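Below is one structure, written out as structure tokens; comments come after it.
Being a predicted model, the structure only gives us computed values, none of them experimental. In what follows, chains carry the letters A, B, and so on, assigned in the order in which the sequence lines appear, proteins first and then strands, with residues in each chain numbered from 1.
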Amino acid sequence: MARILITSALPYINGIKHLGNLIGSQLPSDVYARYMRAIGNEVMFICATDEHGTPAELAAAKAGKDVAEYCREMHAVQQDLANGFRLSFDHYGRSSSPQNRKLTQYFAGRLADNGLIEEVSEKQVYSHADGRFLPDRYIEGTCPNCGYDRARGDQCENCTKQLDPTDLINPRSAISGSTDLEVRETKHLYLRQSKMRDELDEWINSKTDWPILTTSIAKKWLHDGDGLKDRGITRDLSWGVPVKRGEADWPGMEGKVFYVWFDAPIEYIAATAEWAEAHGLDDEAWQRWWRTDKGADDVKYVQFMGKDNVPFHTLSFPATIMGSRDPWKLVDYIKSFNYLNYDGGQFSTSQGRGVFMDQALDILPSDYWRWWLLSHVPESSDSEFTWENFQQGVNKDLADVLGNFVSRVTKFCRSKFGEVVPEGGAYGEAEIAVIKAIEERVASYQANMEAIEIRKSTADLRAIWVLGNEYLQEAAPWSKFKEDPEAAAAIVRFALNLIRLYAVLSEPFIPDAAQTMTSAMNAEGAQWPTDISAALESLPAGHPFSVPDVMFAKITDEQRDEMQAKFAGKSKAAELAQS
RNA sequence: GGGCCUGUAGCUCAACUGGUUAGAGCAGAGCGCUCAUAACGCUUUGGUUGGGGGUUCGAGUCCCUCCGGGCCUACCA
């Protein structure tokens, strides 16, 4: 039995995430976690809300709430949605936890001890009206290059020129619109990543089996221009982890907090500590996942994330871990994803374009979304959600291929033999052929899951379902029943056992439907098959079962059109008028 | 501007380090079955692998160039 540590990139606290966010990390990591548990490994599956930073403060202010209160509420909302999508986190933590505060301060202290922290005095824009320093992108003004009057302090969206906030003509706060701005001197801590460039480079180069998407982004940052740059890890904000050097105060850094991208990855560790606390366990319980000197040397650690998160996970966080010179567990494999687009464009929170997690669950059960999203997960390039594809995929795969198979087998049995596994006859050549075909497909399925090739795994799983329909067509128990009821009984017994097998094999992708099948087959506790032939003898003659309700109702054309209209977002005219 | 990714049948995608007539699923067409959510099965039509050039005995795969799509470019997270 192996031990697998799995983390999914932390969703930001600011609002409800859309399906693009969901499929970009949480959903594939959940499938992987469920699969690894199913085949008998010990799994620690961690996620958390990323709660610090300027956007959280602003969102709270907009909602008229204290930021801590706002985060508490939004965490509960996101936790609830995670449950709704059946995300099987062992712990869904919060980056604002006491554990994370302590660990973040600890890491900063270690890095400082090892000469990897530098104090840098720099100039930042302060807004009197807002009472805060403004991050570059929260300053707007006229672009000195093209004259666009809504250029941001980091880059002009119109001419794409990169800017410094001080370059802007007539700068104003993007929050309040105030022009009462002042450039102030302020001191910040920088993580001296540049000192660790060679070490990081060597480490990345050793990861030859990682997705190109992952390594190419890392290498770009390592080698672009002057190479890896040092990075500011503190901010002038009130909401965040207060800057401390371990347990000690950090002279000159009073009133400052760590930058979210410093504390967020550390929350992976802290959330595991939160898990231990929540279960009444001691420190050893979480340290055996994270400290190679305390049992984590045999742990395989896999991270999931969207491509926008790759630099932080390939460089900043490893620099933090390595730079501590403590025996913390480093990631073994980084699975990164491209983006999911929505119907010809991007998902857009601000424009209300696309489907958000709460809305999705209002419309259809989570398995519908899980299946379609996972079978279209953007592994090799950006992929696209369209209502037509969604309807076709769900109806064909889930309703017709799998749902209808369960339906036809159970109903046929009930009408001819009653709701018990029928007795008589024996498996013959046809069944042996099916077993062989399933064995081959399961081997492929497992190999693809092992390699985290999600799309290919869905194709294997679907092919396994199809084998059931092919078998039934060939065996035709409805005609056999007339002249040889015992032969028909053996066929039906085999088919009922297929349903039980499908429940187990499908669980990582569609856990609710899997549970429905398991319950209907009265087969609680069914284990992952190591021997397909034996697994298909699990339900003996006389074993009672029940006919489940229709597992997947089809999405009608009317429903599809309705949803498409509802989620189109603001009209094109409205968008144009706005810009 | 620079870097990276990507372009394969109407749609969504495969094709290990270049190696036989480029494969699946969906959609379309035909046939079969009737247990089932008019579901299922079988057969079948679709491709000068974005265009052009080159290397090679051999190119979807390598090189050059052009065209299209996307991402990143370090203070949003």
Side-chain angles (χ1 to χ4, degrees), chain A residues 9-14 50-56 58 122 124-125 133-139 152-155 160-162 164-165 174 188 193 211-213 215-217 219-221 223-225 228-232 235 259-261 264 306-312 315-316 338-339 341 346 372 375-376 378-384 386 388-389 392-393 395-416 453 455-456 458-459 462-463 466 468-481 488 491-492 495 549-554:
Chain A
L10 309 190
Y12 196 62
I13 193 71
N14 175 16
D50 176 15
E51 307 193 355
H52 296 135
T54 308
L58 297 179
E122 57 189 16
Q124 290 267 308
V125 175
F133 281 94
L134 298 175
D136 291 357
R137 69 159 39 202
Y138 283 99
I139 302 159
R152 294 190 321 209
D154 56 343
Q155 184 176 37
T160 73
K161 185 178 172 61
Q162 285 179 58
D164 221 24
H188 282 297
Q193 301 181 133
I212 290 174
L213 184 63
T215 50
S216 66
I217 292 173
K219 287 177 181 172
K220 169 71 191 316
W221 282 50
H223 300 293
D224 194 37
L228 189 61
K229 298 173 192 167
D230 293 342
R231 195 175 182 99
R235 293 290 183 274
Y259 173 45
V260 284
W261 264 116
K307 57 185 168 189
D308 51 334
N309 277 339
V310 168
F312 304 101
L315 303 167
S316 314
N338 288 284
Y339 293 144
N341 289 317
Q346 295 197 332
W372 191 88
S375 58
H376 292 78
E379 283 180 310
S380 55
S381 62
D382 290 355
S383 66
E384 175 154 319
T386 68
E388 201 179 339
N389 278 341
Q392 277 183 357
N395 284 356
K396 192 70 193 174
D397 299 347
L398 296 183
D400 295 346
V401 175
L402 177 62
N404 182 56
F405 176 77
V406 172
S407 189
R408 65 194 296 206
V409 170
T410 54
K411 286 179 180 169
F412 179 76
C413 185
R414 180 172 62 185
S415 74
K416 304 300 184 202
E453 292 278 356
R455 273 188 193 235
K456 289 178 183 175
T458 63
R462 184 187 191 283
V466 167
N469 283 312
E470 288 174 1
Y471 166 73
L472 271 194
Q473 183 65 29
E474 183 64 27
W478 47 88
S479 15
K480 284 263 177 31
F481 184 76
I491 294 166
V492 170
D549 293 335
V550 166
M551 290 204 303
F552 300 102
K554 291 199 191 186

Which value, in whole Å, describes the distance between the P atoms of nucleotides B:G10 and B:G46?
11 Å
Is the shortest side-chain N/O distance from A:Arg455 to OP1 or OP2 of B:C13 below 4.0 Å?
yes
On a plain distance test, is the side chain of A:Asn404 in donor-acceptor contact with the base of B:A36 below 3.5 Å?
yes
Distance below 4.0 Å between A:Tyr259 side-chain N/O and B:A77 OP1 or OP2
yes
The nucleotide from B:C75, B:C26, B:U37 with an atom nearest the side chain of A:Asp136 is B:C75
Which pairs, protein N/O on one side and nucleotides 28-32 of chain B N/O on the other, fall under 3.5 Å?
{"from": "B:G32", "atom 1": "N2", "to": "A:Gln473", "atom 2": "NE2", "distance (Å)": "3.3"}

Categorize A:Glu122 for me: base, sugar-phosphate, or nothing, with a 4.0 angstrom heavy-atom threshold over every strand shown.
base
Please evaluate the base of B:C42 for a donor-acceptor partner in the side chain of A:Glu474 within a cut-off of under 3.5 Å?
no
With syn defined as a glycosidic angle within 90 degrees of 0 and anti as anything else, the base of B:G69 is anti
Please state whether the base of B:C42 and the side chain of A:Glu470 form at least one donor-acceptor pair under 3.5 Å?
no
B:A15 phosphate, OP1 or OP2: any side-chain N/O from A:Lys456 under 4.0 angstrom?
yes
Just how far is it from atom OH of A:Tyr259 to atom OG of A:Ser316, taken to the nearest 0.5 Å?
8.5 Å
Does a side chain donor of either A:Ser407 or A:Asn404 reach within less than 3.5 Å of an acceptor in the other side chain?
no
Can you tell me if A:Tyr339 touches the phosphate of B:C72, counting only side-chain N or O atoms and a distance under 4.0 Å to OP1 or OP2?
yes
Determine: side-chain N/O of A:Lys220 to OP1/OP2 of B:C5, distance under 4.0 Å, yes or no.
no
Taking every non-hydrogen atom, the tightest pair across A:Asn309 and A:Trp261
OD1-CZ2, 3.2 Å
